[in-house]
Amino acid sequence: MTELAFHNSATRRREIFAPLDPQHVRLYVCGPTVYDLAHLGNARPVVVFDVLTRLLRRRYPRVTYVRNITDVDDKINARAQESGEPISAITARTTADFHRDMASLGCLPPDEEPRATDNIDRMVALIERLIANGHAYAAEGHVLFSVSSYLGYGALSGRSTEEMLAGARVEVAPYKREPGDFVLWKPSTDGLPGWDSPWGRGRPGWHIECSAMSWRYLGTEFDIHGGGHDLLFPHHENELAQSVCAFPGSRFAKYWLHNGMLLVDGEKMSKSLGNFRTVRDILERGAWAGEAFRLLLLKTHYRAALDYTVERLDEARAELDDFYALLARDLPAPEEDDALVAEMAEWALEPLADDLNTPLAITRLRDLRTLENVATVGGSATNLLSRIGRTWQPGSGQAAAALRAAAGVLGLLGTDPQAWRQGGAADDTAAIEAAIAARLAARRAKDWAEADRIRAALAAQGVVLEDGPGGTTWRRA
RNA sequence: GGCCCGAUGGCAGAGUGGUGAUGCAGCGGACUGCAAAUCCGCGUACGUCGGUUCAAUUCCGGCUCGGGCCUCCA
């Protein structure tokens with residue numbers, strides 16, 4: 001099997017993946033701040049790292065995937081103040097919405113999903129270590145990380161302290177020793193969530209929670225840290241600084257993976273810009289929409305920017321229609337250990353080993369589709385086989401089985417094909433079948449006018465007929 | 001202003017130092033009573049100016065344009 005290689009943001013180059021413990025791969029991905037519905041941009045890392053995790057699971061005996069829930073944050077506080085809804089209600093509801101939306105996109109839950117508020121003691125312990133190690137200081141109820149105490153600061157995001165100050169947009173506050181120092185702990189007034197600590201009643205800064213939760217579930221060193229590219233600085237830079245300084249000699253994450261931004265009209269989709277569309281908006285388009293959006297995301301390499309349009313969503317849907325048309329056929333099922341099926345599936349997935357090249361893997365899925373169509377419906381795959389350098393002559397059902405297996409690793413094509421094609425209002429199924437039988441009778445009698453009239457009537461109610469060698473099948477448009 | 005990334009045919013999007021993926025749309029053919037589905041075939045591309053090379057879309061540099069980060073942000 002081809003060895004895995006990923007682009008490591010920390011070194012800005014492609015590196016062979018060698019886990020710290022080949023028996024147990026560990027990864028941490030930054031999760032949502034639960035104050036509002038997830039937007040399309042929020043969904044990208046969830047889908048991307050879902051595929052990565054599925055890939056790792058089929059190659060390593062054990063994988064632990066941790067993704068946090070940030071349920072203490074000033075944006076949540078602000079939302080509660082605006083709406084009057086209690087914080088706990090907002091975070092509980094938003095977390096449930098997030099789970100539902102991500103499941104609709106075919107994402108499996110992480111192994112651990114810690115909440116920040118359940119790990120305050122860990123954060124306090126971490127901050128105490130940082131103070132003891134001379135990397136943090138308390139001032140006016142705040143605790144700050146001293147950036148100048150850590151020589152490696154800026155290495156991850158590739159910027160020097162001078163460069164960061166050149167922008168001169170860092171917040172200057174009287175309690176800071178240096179402008180670049182960032183908050184680990186801050187005081188809370190009575191109306192705000194707070195926890196008792198050695199520095200008084202307060203709440204954690206944003207960055208410290210990920211350091212605390214990755215430490216708890218994965219230890220001081222683990223394999224992969226993922227997240228959106230916009231988190232590289234300052235969030236991940238600060239996380240790294242905190243963790244390495246709290247545990248001298250440790251390296252924190254070995255590989256840093258960052259997904260590119262999702263754009264709309266050429267601009268980053270974000271809540272602060274107000275140009276976002278929620279996942280829920282997409283899902284409301286129909287039962288097909290979740291998987292179509294997932295395919296849309298995976299048709300672009302994870303590190304590239306992706307411009308979202310509704311046309312692309314429709315295109316992804318049409319492509320899934322074609323895949324499901326094939327899978328809906330009554331095909332013979334190959335043996336469990338069919339060698340050709342395994343070989344074809346492995347070939348289709350091979351591109352994932354090269355920095356998660358999902359677009360190329362999807363191209364190979366299409367090739368498997370053509371091979372199955374040729375085997376089942378007829379035609380020639382000579383040029384296709386020559387292009388891919390293979391001599392496969394799969395029998396009916398073999399390429400389809402490989403397609404199913406390979407697509408499963410991408411989290412695609414898992415829907416029941418009949419449900420995909422004929423889902424929706426189910427109470428007219430008998431009437432449709434009856435109409436098809438009537439049309440068949442008309443065709444036998446060569447009454448083409450009547451046959452076409454029935455077909456047109458069905459089309460008017462959104463039902464498309466397909467006359468195949470095995471009889472007539474139908475789907476909803 | 002600083003740092004980073006990108007620029008491929010009508011659209012989307014891989015990849016490669018030399019015989020130019022793939023999908024959608026378009027065109028032609030096979031099949032079909034006619035369609036649909038399916039199969040086969042066709043066309044247009046590598047932002048720009050230089051450099052290296054026998055050979056560059058692919059490597060290097062300048063320029064232009066676009067995006068991201070530097071502040072909450074997936």
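Numbers restart at 1 for each chain; the letters A, B, ... are given by sequence-line order, proteins then strands.
Salt bridge present: A/Arg294 and A/Asp50 bring a charged side-chain N and a carboxylate O closer than 4.0 Å. Here A/Asp101 pairs with A/Arg280 in a salt bridge; the nearest charged N to carboxylate O distance falls below 4.0 Å.
Residue A/Gly260 is in base contact, counting any heavy-atom pair closer than 4.0 Å across all strands shown. If you check every strand for non-hydrogen atoms under 4.0 Å, A/Glu319 touches sugar and phosphate atoms only. A/Leu232 comes within contact range of no nucleotide atom at all, as no heavy-atom separation falls under 4.0 Å. Nucleic acid contact class of A/Ile362 (heavy atoms, under 4.0 Å, all strands): none. Here A/His258 lies out of heavy-atom contact (under 4.0 Å) with every strand. The residue A/Thr300 sits close only to the backbone: its heavy atoms come under 4.0 Å of sugar-phosphate atoms, none of a base. Within the nucleic acid shown, A/Lys75 comes within 4.0 Å of sugar-phosphate atoms alone, with no base atom in reach, counting heavy atoms only. If you check every strand for non-hydrogen atoms under 4.0 Å, A/Thr370 touches sugar and phosphate atoms only. No engagement by A/Asp307 is indicated, since no non-hydrogen atom pair under 4.0 Å with the nucleic acid exists. Within the nucleic acid shown, A/Gly41 comes within 4.0 Å of at least one base atom, counting heavy atoms only.
Nucleotides B/G18 and B/G50 place their P atoms 23 Å apart, quoted to the nearest Å. Taking atom C1' in both B/G43 and B/C11, the straight-line distance is 16 Å, to the nearest Å. To the nearest whole angstrom, the two P atoms, one in B/U57 and one in B/A21, are 15 Å apart. Taking the P atom of each, B/A55 and B/G62 are spaced 23 Å apart, rounded to whole Å. The gap from the P atom of B/G67 to that of B/G13 amounts to 16 Å, rounded to the nearest Å. Atom name C1', nucleotides B/U32 and B/U38: the rounded distance is 11 Å, in whole Å. For the C1' atom pair drawn from B/C69 and B/C60, the interatomic distance equals 26 Å after rounding to whole Å. Here the separation of B/A45 from B/G10, taken at their P atoms, is 8 Å to the nearest Å.
Along RNA chain B, the nucleotide nearest to A/Gly378 and the one nearest to A/Asn42 differ in position, and the one closer to the 5' end is contacted by A/Gly378. When each of A/Ala43 and A/Pro234 is assigned the nucleotide of RNA chain B with its nearest heavy atom, A/Pro234 is the one assigned upstream, toward the 5' end.
Base pairing analysis places B/G1 opposite B/C70; the two distances defining the Watson-Crick or G-U wobble pair are each below 3.5 Å. Nucleotide B/C59 is matched to B/G51 when pairs are restricted to Watson-Crick or G-U wobble geometry with both distances under 3.5 angstrom. B/G20 makes up no base pair with any nucleotide shown, lacking Watson-Crick or G-U wobble contacts both under 3.5 Å. Pairing for B/A14 is absent, with no Watson-Crick or G-U wobble pair whose two atom distances lie under 3.5 Å. Across all strands shown, B/A30 is found opposite B/U38 as a Watson-Crick or G-U wobble partner, with both distances under 3.5 Å. Using the Watson-Crick or G-U wobble rule with both distances under 3.5 Å, B/G9 pairs with nothing in any strand shown.
One interatomic measurement links the two molecules: CG of A/Asn259 to P of B/C69, which rounds to 12 Å at whole-angstrom precision. If you measure from atom NE2 of A/His235 to atom C1' of B/G68, you get 17 Å, rounded to the nearest angstrom. Spacing between atom CG of A/Asp265 and atom C1' of B/C11 amounts to 16 Å, rounded to whole angstrom units. Here B/C40 presents its P atom at 10 Å from CG of A/Leu385, a figure rounded to the nearest Å. Put simply, CZ on A/Phe182 is 12 Å from P on B/C72, counting in whole angstrom units. In this entry the distance linking CZ of A/Arg366 with C1' of B/U38 reads 17 Å, nearest Å. Nucleotide B/A74 holds its C1' atom 13 Å from the CG atom of A/Leu306, rounded to whole Å. Taking atom CZ of residue A/Phe98 and atom P of nucleotide B/A74, one finds them 10 Å apart after rounding to whole Å.
Under the 4.5 Å side-chain criterion, counting only non-hydrogen atoms from C-beta, A/Ser270 is not in contact with A/Phe276.
Considering every non-hydrogen atom in both A/Arg369 and A/Leu326, the closest pair reads O-CD1, 3.4 Å. Closest approach of A/Gln422 to A/Trp474, counting heavy atoms only: NE2-O, 2.9 Å.
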Can you give one letter per nucleotide of nucleotides 30-37 of chain B, going 5' to 3': B for a protein heavy atom under 4.0 Å from the base, S for sugar-phosphate only, - for none? ---BBBBS
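Between A/His236 and A/Trp256, the ring center distance clears the sub-6.0 Å criterion. Proximity of the aromatic rings of A/Phe252 and A/Phe222 is defined here by a centroid distance below 6.0 angstrom, and this criterion is met.
The A/Arg369 side chain lies nearest to B/U38 when the options are B/G15, B/U38, B/G13. For A/Arg159, the side-chain atoms get nearest to B/G2 when compared with the rest of B/G2, B/A74, B/A21. The side chain of A/Glu315 sits closest to B/G23 out of B/C70, B/G23, B/A21.
Partner of A/Arg439 under the side chain to side chain donor-acceptor pair (under 3.5 Å) criterion, out of A/Asp447, A/Asp467, A/Asp452: A/Asp467 alone. Looking at A/Thr94, A/Thr33, A/Thr117, A/Thr95 one by one, the single match for side chain to side chain donor-acceptor pair (under 3.5 Å) with A/Asp71 turns out to be A/Thr117.
Between the base of B/C40 and the side chain of A/Ser380 there is no donor-acceptor pair shorter than 3.5 Å.
A/Asn373 has a side-chain polar atom (N or O) that falls below the 4.0 Å cut-off from OP1 or OP2 of B/C39. Residue A/Arg387 has a polar side-chain atom (N or O) positioned under 4.0 Å from OP1 or OP2 of B/U22. Close to B/G6, at under 4.0 Å from its OP1 or OP2, lies no side-chain N or O of A/Arg303. Between B/C69 and A/Lys268, a contact under 4.0 Å exists linking OP1 or OP2 to a side-chain N or O.
Note that A/Lys176 lies outside the cation-pi zone of A/Phe182, set by a 6.0 Å cut-off to the ring centre and a 45° limit from the axis. A cation-pi contact, defined as under 6.0 Å to the ring centre and within 45° of the axis, is absent between A/Arg277 and A/Tyr308.
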